[in-house]
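Chain A is the first sequence line, chain B the second, and so forth, proteins listed ahead of strands; every chain is numbered from 1.
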Number of protein chains: 2
Amino acid sequence: MTPRSARSAHKQLAHLVADRLRVEILEGRLKPGEWLRQERIALAQGVSQMPVREALRQLVAEGLVEHIPYRGTRVVEFTVADIEDLYACRLFIEGMAARHAAAVITDEELREIAGLHERMLPCDTPESLPEYRELNRRFHTAIFQASRRSFLIRSLAQLWAAFPTMLWSNVPLVAYRTAPGRDASDAAEHEAIVTALSARDPEAAETAARAHISAAGRALLTALGAAPHPLPEAPSFQSLSLATGGRHRSRSFPHAEEES
Amino acid sequence: MTPRSARSAHKQLAHLVADRLRVEILEGRLKPGEWLRQERIALAQGVSQMPVREALRQLVAEGLVEHIPYRGTRVVEFTVADIEDLYACRLFIEGMAARHAAAVITDEELREIAGLHERMLPCDTPESLPEYRELNRRFHTAIFQASRRSFLIRSLAQLWAAFPTMLWSNVPLVAYRTAPGRDASDAAEHEAIVTALSARDPEAAETAARAHISAAGRALLTALGAAPHPLPEAPSFQSLSLATGGRHRSRSFPHAEEES
DNA sequence: ACCTCCAAAGTTGGATATAAAATCTAAATT
DNA sequence: AATTTAGATTTTATATCCAACTTTGGAGGT
């Protein structure tokens with residue numbers, strides 16, 4: 001465990017600005033449709049305009065705001081269809097990640113995930129909702145990080161970036177979290193995921209992850225007032241991954257250095 | 001057809017810079033691992049550093065380059081595992097998009113897609129590969145645009161942004177495209193998609209789209225030298241979408257204006 | 001009244017210059 | 001040999017100025 005090179009913990013200003021704006025958006029102080037004027041933001045945060053513009057472009061990429069040339073940047077408005085699609089994507093991709101994670105997860109990662117699960121259990125009151133959300137985010141993040149599939153990790157990080165905005169800007173999340181039985185269901189579903197991962201069972205891990213996200217999605221859409229279909233149980237078919245399920249090639253391919 | 005407001009076709013410099021860098025990356029002039037120094041780029045393109053930095057941040061978001069604070073930005077290296085995951089994600093999300101598209105596609109969109117398909121047919125020589133790739137990109141893009149699902153459109157646009165880089169930096173794409181029978185297969189699979197869309201059959205559209213991407217993915221991974229599994233045929237299970245398959249709510253939800 | 005054109009105001013977009021911070025390289029010291 | 005220090009390089013941030021574009025609100029004509 002050599003400290004190595006301290007991993008450069010230095011944050012850039014643009015990141016800080018983006019973080020603060022993200023919080024303002026997801027807490028509703030910046031409402032969907034509202035314009036974000038760069039000069040005002042720079043003044044309010046005590047920075048110059050360049051980091052503000054970089055932060056805005058980053059948020060655009062994350063899908064939280066949209067940019068119109070020479071007009072400005074404003075918070076996006078999400079639709080119910082967007083939330084459906086978000087959950088469908090998560091359902092699939094997080095399922096895949098869980099499958100891969102089960103095959104390569106370390107004991108330490110397993111302990112951390114189980115620990116996060118434990119800490120979520122007592123969070124069943126409205127006041128503990130923020131803490132629950134944070135723990136939940138870390139729980140899911142830890143799982144797909146454990147998959148070691150950088151592409152999936154990146155994709156899921158993007159999905160999760162857009163996720164809270166949708167909720168806070170569209171619906172009082174409490175309605176979802178306090179839905180009858182949701183606490184218990186969430187806990188049971190998380191438990192199932194942890195169990196499958198502990199058993200190093202890819203098939204079960206994928207199934208459990210899908211079942212959880214599917215159930216959560218249905219509950220959320222119900223809370224939103226959308227009529228949820230009977231919904232086909234998340235099919236437990238074989239992996240859709242296209243090739244070898246074996247050890248993944250660790251390094252990148254030798255890209256044609258010279259054209260002999 | 002009033003010109004309306006000209007739709008502000010004005011591109012920002014940052015976009016142009018990003019476009020040029022993207023081309024350089026995907027054509028291999030900028031190799032994976034290579035550092036992109038902002039001053040050099042600004043000088044080379046005759047612009048100041050601000051648009052360069054915005055462009056770099058955009059490319060970071062697209063996943064083509066990675067940024068390390070106070071160190072710089074460099075082209076990412078993709079692994080075979082990344083390509084597997086990319087195709088798996090495309091398989092699923094483009095399938096969903098095709099399903100939605102079949103339900104709402106217009107005659108005009110249908111004509112354009114069919115036209116693109118026709119124009120791809122004669123492109124069966126190595127020299128026409130660039131044209132084929134461009135037509136293919138427009139073909140797929142037109143389909144998921146027709147779905148009207150903004151979230152899926154955005155997600156797929158991101159996937160397609162990373163896509164060419166992987167190929168050019170990892171493998172001579174010709175090996176894929178000129179694989180025995182691939183031309184004919186691609187054509188037949190595209191044909192099936194067009195047919196399903198024309199029939200406004202969501203189920204068939206999803207199945208056809210999946211089959212195509214699955215086949216293309218297997219062919220590519222074979223060309224890459226990866227041992228492709230027997231691979232389960234893309235399962236034609238019901239939609240995984242979580243709620244109403246009916247007309248999508250057009251506008252955003254009324255986000256709690258007041259908490260009565 | 002109604003439409004068109006034109007100028008004003010305001011915001012974003014971009015260039016340039018300059019300074020500060022962080023990282024890397026390599027020589028110099030212990 | 002290991003550590004420290006000094007310098008070079010590059011990124012990061014600020015400030016200021018001007019150009020480009022959109023919108024707004026009237027002036028003038030029909």
Side-chain angles (χ1 to χ4, degrees), chain A residues 1-22 24-25 30-62 64-76, chain B residues 1-22 24-25 30-62 64-76:
Chain A
M1 303 300 173
T2 40
R4 226 29 208 147
S5 65
R7 246 316 162 233
S8 122
H10 290 280
K11 267 212 165 177
Q12 300 180 235
L13 250 193
H15 285 333
L16 288 177
V17 174
D19 288 344
R20 285 196 276 254
L21 286 176
R22 203 180 293 113
E24 287 201 41
I25 291 172
L30 288 172
K31 292 200 175 64
E34 193 168 331
W35 290 101
L36 278 66
R37 271 167 312 185
Q38 50 186 233
E39 189 183 354
R40 219 182 56 76
I41 296 168
L43 230 58
Q45 303 209 6
V47 297
S48 70
Q49 294 199 10
M50 177 153 62
V52 172
R53 284 173 60 175
E54 288 184 306
L56 288 178
R57 204 162 280 268
Q58 188 173 329
L59 293 177
V60 167
E62 289 176 11
L64 273 69
V65 302
E66 61 184 343
H67 176 90
I68 303 172
Y70 293 102
R71 295 259 303 131
T73 308
R74 66 181 166 192
V75 183
V76 300
Chain B
M1 306 305 166
T2 39
R4 217 38 200 147
S5 63
R7 244 316 163 233
S8 122
H10 291 280
K11 270 214 163 177
Q12 297 182 233
L13 249 193
H15 286 333
L16 288 178
V17 174
D19 288 343
R20 285 195 276 253
L21 286 176
R22 204 180 292 112
E24 288 201 39
I25 292 172
L30 289 172
K31 291 200 176 65
E34 193 167 334
W35 289 102
L36 277 67
R37 273 167 312 180
Q38 50 185 232
E39 190 183 354
R40 220 181 55 77
I41 295 168
L43 229 58
Q45 302 210 4
V47 298
S48 72
Q49 295 197 7
M50 180 151 52
V52 172
R53 293 185 54 178
E54 289 183 308
L56 288 178
R57 206 163 278 270
Q58 188 173 328
L59 293 177
V60 167
E62 289 176 11
L64 272 70
V65 302
E66 62 184 342
H67 176 92
I68 303 172
Y70 292 102
R71 293 265 302 134
T73 309
R74 66 182 167 193
V75 183
V76 301

- Task: Could you check how far CD of B/Q12 sits from P of C/dA15, rounded to whole Å?
- Result: 12 Å
- Heavy-atom neighbours of A/R20 CZ exceed 12 at 6.0 Å: yes
- Message: With a sphere of 6.0 Å drawn around CD of B/E66, does it hold more than 12 non-hydrogen atoms of other residues, nucleotides or ligands?
- Response: yes
- Can you check the A/H15 NE2 to D/dT12 P distance for me, whole Å? 8 Å
- Item | A/L16 CG to D/dT12 P, straight-line distance once rounded to whole Å | 13 Å
- Between C/dT12 atom C1' and B/L13 atom CG, what is the distance in whole Å? 13 Å
- Can you list the steps and then say if A/I68 with A/R74 is a side chain to side chain contact (heavy atoms under 4.5 Å, CB included)? CA-CA 8 Å; A/I68 303 172; A/R74 66 181 166 192; 3.7 Å; yes
- Name every residue in residues 33-48 of chain A that has at least one heavy atom under 4.0 Å from any atom of DNA chain D, in order of residue number, or write none if there are no such residues. A/V47, A/S48
- Rounding to a whole Å, what distance do you find between B/M50:CE and D/dT12:P? 15 Å
- Message: Quick one, A/Q58 and A/H15 - any side-chain contact, counting heavy atoms below 4.5 Å?
- Response: yes
- Of all the heavy-atom pairs spanning B/P32 and B/V76, show the shortest one and how long it is. CB-O, 3.5 Å
- What pair of heavy atoms forms the shortest contact from A/L56 to A/V65, and how long is it? O-CG2, 4.0 Å
- Note on the structure: To the nearest 10 degrees, the angle between the two end axes of the helix from C/dA1-D/dT30 to C/dT30-D/dA1 (five pairs per end) comes to 10°
- Task: Could you please spell out the steps behind the side chain to side chain contact (heavy atoms under 4.5 Å, CB included) verdict for B/R71 and B/W35?
- Result: CA-CA 9 Å; B/R71 293 265 302 134; B/W35 289 102; 3.3 Å; yes
Could you write out each protein N or O paired with an N or O of nucleotides 16-20 of chain D at a distance under 3.5 Å?
none

- Item | Minimum-distance pair of heavy atoms, taken over all atoms of B/A55 and B/A18 | CB-N, 3.6 Å
- Query: Is B/R71 near enough to C/dA22 that one of its side-chain N or O atoms lies under 4.0 angstrom from OP1 or OP2?
  - Reply: no
- Query: A/I41 and side-chain contact (heavy atoms from CB on, under 4.5 Å): which partner among A/V47, A/L21, A/T73?
  - Reply: A/L21
- Under 4.5 Å between any side-chain heavy atoms of A/R22 and A/L64, yes or no? yes
- Measure from the side-chain heavy atoms of A/H67 and tell me the nearest of D/dT12, C/dG14, C/dG13. C/dG13
- Message: Can you measure B/Q49 atom CD to D/dT12 atom P for me and round it to whole angstrom units?
- Response: 10 Å
- Minimum heavy-atom distance B/R57-A/E54, with the two atoms named: CD-O, 3.3 Å
- Message: Output the rounded distance in Å from CD (A/E54) to C1' (D/dA13).
- Response: 9 Å
